[in-house]
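What you see below is based on every heavy atom in this structure, not just the backbone, and it leaves out hydrogens, waters and symmetry mates. Just so it is clear, the model here is predicted, and its values are computed rather than measured.
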Amino acid sequence: MTDQGETGETVTILLVEDDAPTCWRLQDALVKAAYEVRTAGSLGEARSALAAGAPRVLLTDLRLPDGHGVELIRETRRRFPDTEIMVISALGDEESVISAITVGATGYLLKDAFPTDIATTVRDLVAGHSPISASIARFIVRRTQNSAEPPPGPVLNTAKLTPREIDILWGIAKGFSYAEIASHLGLSRQTVPGHIKNIYRKLEVHTRSEAVFEAVQQGLIKL
């Protein structure tokens, strides 16, 4: 059976991991699930692989032998905005996580809490979820709760968000897929991406993670 995205096409994955045993293990699991997998062991190899075309999913470590994965995430998000990006790293410090999410990662998993079924995790990512290790989710919430009150003033664009867009933001924050959001809100599946594009434009963000972060920071939703 071929694992396919919502378009019916085979899901292509670029796996960037310099630790050979880890790379082999992940590649083996993903290929067995019928994903099309390319691998790279360095930032340079990853850039060469991206030159051949956009993957549907980028899975990347952060600590690469010739650079930092955040550079790769930033470049990939800029060139291929439809690519889903998930970090797989041993780095769980706040700076690494926030940097990766800010530049475009839509998921972040720690290697010491790695899922037993990476194929299912990738499937969730493609379906619109944002897999995040529990410890990371907790400190993101703590960071949000400890943030100072934003200064008053004409900050927002967010005042222009409609109640429907707020509802959709909440669904994104809870990790629901587009189809699930549509079902919960009684919308057609096709209308959700249009609302999300409007949300991104109004919040001046480019990814679901950024939208959720901004929405929480600005008090539009609570997690």
Side-chain angles (χ1 to χ4, degrees), residues 2-14 30 33-36 50 53-60 72-87 100-109 118-132 137 140 144 155-223:
T2 299
D3 210 323
Q4 299 174 324
E6 293 185 354
T7 63
E9 298 177 352
T10 300
V11 173
T12 57
I13 299 172
L14 175 58
L30 293 167
Y35 290 108
E36 183 180 318
L50 289 173
R56 183 71 182 86
V57 174
L58 170 65
L59 302 180
T60 184
L72 180 63
I73 295 169
R74 181 186 292 108
E75 293 170 15
T76 303
R77 176 60 62 213
R78 184 172 62 243
R79 294 177 59 192
F80 309 115
D82 293 333
T83 294
E84 298 290 347
I85 303 173
M86 185 166 72
V87 173
I101 291 175
T102 300
V103 300
T106 46
Y108 198 115
L109 297 179
I118 183 62
T120 298
T121 303
V122 170
R123 190 175 301 120
D124 291 343
L125 185 72
V126 173
H129 297 276
S130 293
I132 295 178
I140 289 176
T144 302
V155 186
L156 308 182
N157 286 332
T158 55
K160 300 176 183 176
L161 290 183
T162 67
R164 178 62 76 202
E165 289 166 348
I166 296 292
D167 290 341
I168 290 175
L169 261 176
W170 180 86
I172 294 173
K174 294 297 181 183
F176 291 141
S177 67
Y178 290 0
E180 289 169 331
I181 292 172
S183 175
H184 282 301
L185 298 179
L187 303 173
S188 72
R189 166 68 178 80
Q190 290 73 23
T191 63
V192 174
H195 285 298
I196 290 176
K197 285 183 180 178
N198 289 335
I199 292 169
Y200 286 4
R201 176 176 53 78
K202 292 178 179 179
L203 294 182
E204 299 179 350
V205 298
H206 303 285
T207 68
R208 290 193 300 269
S209 299
E210 289 175 340
V212 171
F213 184 79
E214 284 299 319
V216 172
Q217 289 285 78
Q218 297 174 13
L220 295 169
I221 59 174
K222 293 183 179 179
L223 296 179

Chemist: How long is the straight-line distance from CG of D167 back to CD1 of I181, given to the nearest 0.5 Å?
Modeler: 10.0 Å
Chemist: Is there side-chain contact between R123 and T120, with heavy atoms separated by less than 4.5 Å?
Modeler: yes
Chemist: E36: which residues meet the side chain to side chain donor-acceptor pair (under 3.5 Å) condition with it, sequence neighbours left out?
Modeler: none
Chemist: Hey, mind stepping through T83 and R56 against side chain to side chain contact (heavy atoms under 4.5 Å, CB included) and telling me if it holds?
Modeler: CA-CA 5 Å; T83 294; R56 183 71 182 86; 5.9 Å; no
Chemist: Just wondering, do L125 and P131 contact through their side chains at under 4.5 Å, heavy atoms?
Modeler: yes
Chemist: Can you name the one residue among L14, L50, T12 that meets side-chain contact (heavy atoms from CB on, under 4.5 Å) with L58?
Modeler: L14
Chemist: Side chains of I13 and P55: closer than 4.5 Å at any heavy-atom pair?
Modeler: no
Chemist: So does I196 get a backbone contact from the side chain of R201, meaning a donor-acceptor N/O pair under 3.5 Å?
Modeler: no
Chemist: Between the side chain of Y108 and the main-chain N/O of M86, is any donor-acceptor distance below 3.5 Å?
Modeler: no
Chemist: Between T191 and S188, is there a side-chain heavy-atom distance shorter than 4.5 Å?
Modeler: yes
Chemist: Within the 4.5 Å heavy-atom criterion, are V87 and L59 side-chain neighbours or not?
Modeler: no
Chemist: Would you say L109 and I132 make side-chain contact, with heavy atoms under 4.5 Å?
Modeler: no
Chemist: Given 3.5 Å as the limit, does a donor-acceptor pair link the side chain of E75 with the main chain of L72, or not?
Modeler: no
Chemist: Between atom CD1 of I101 and atom OG of S130, what is the distance when rounded to the nearest 0.5 Å?
Modeler: 8.5 Å
Chemist: Excluding sequence neighbours, so at least two apart, what forms side chain to side chain donor-acceptor pair (under 3.5 Å) with T106?
Modeler: E84
Chemist: Hey, does I199 have a side-chain heavy atom less than 4.5 Å from the side chain of V205?
Modeler: no
Chemist: Show the nearest heavy-atom pair for residues D82 and R77, with the distance to one decimal.
Modeler: N-NH1, 4.4 Å
Chemist: Would H129 and E180 satisfy side chain to side chain contact (heavy atoms under 4.5 Å, CB included), going step by step from the backbone distance to the final call?
Modeler: CA-CA 10 Å; H129 297 276; E180 289 169 331; 3.2 Å; yes
Chemist: Minimum heavy-atom separation for F80 to A54, with atom names?
Modeler: CD2-CB, 3.2 Å
Chemist: In the structure I gave you, are the side-chain heavy atoms of V122 and D124 within less than 4.5 Å of one another anywhere?
Modeler: no
Chemist: Who pairs with T102 by side chain to side chain donor-acceptor pair (under 3.5 Å), at least two apart in sequence or on another chain?
Modeler: none
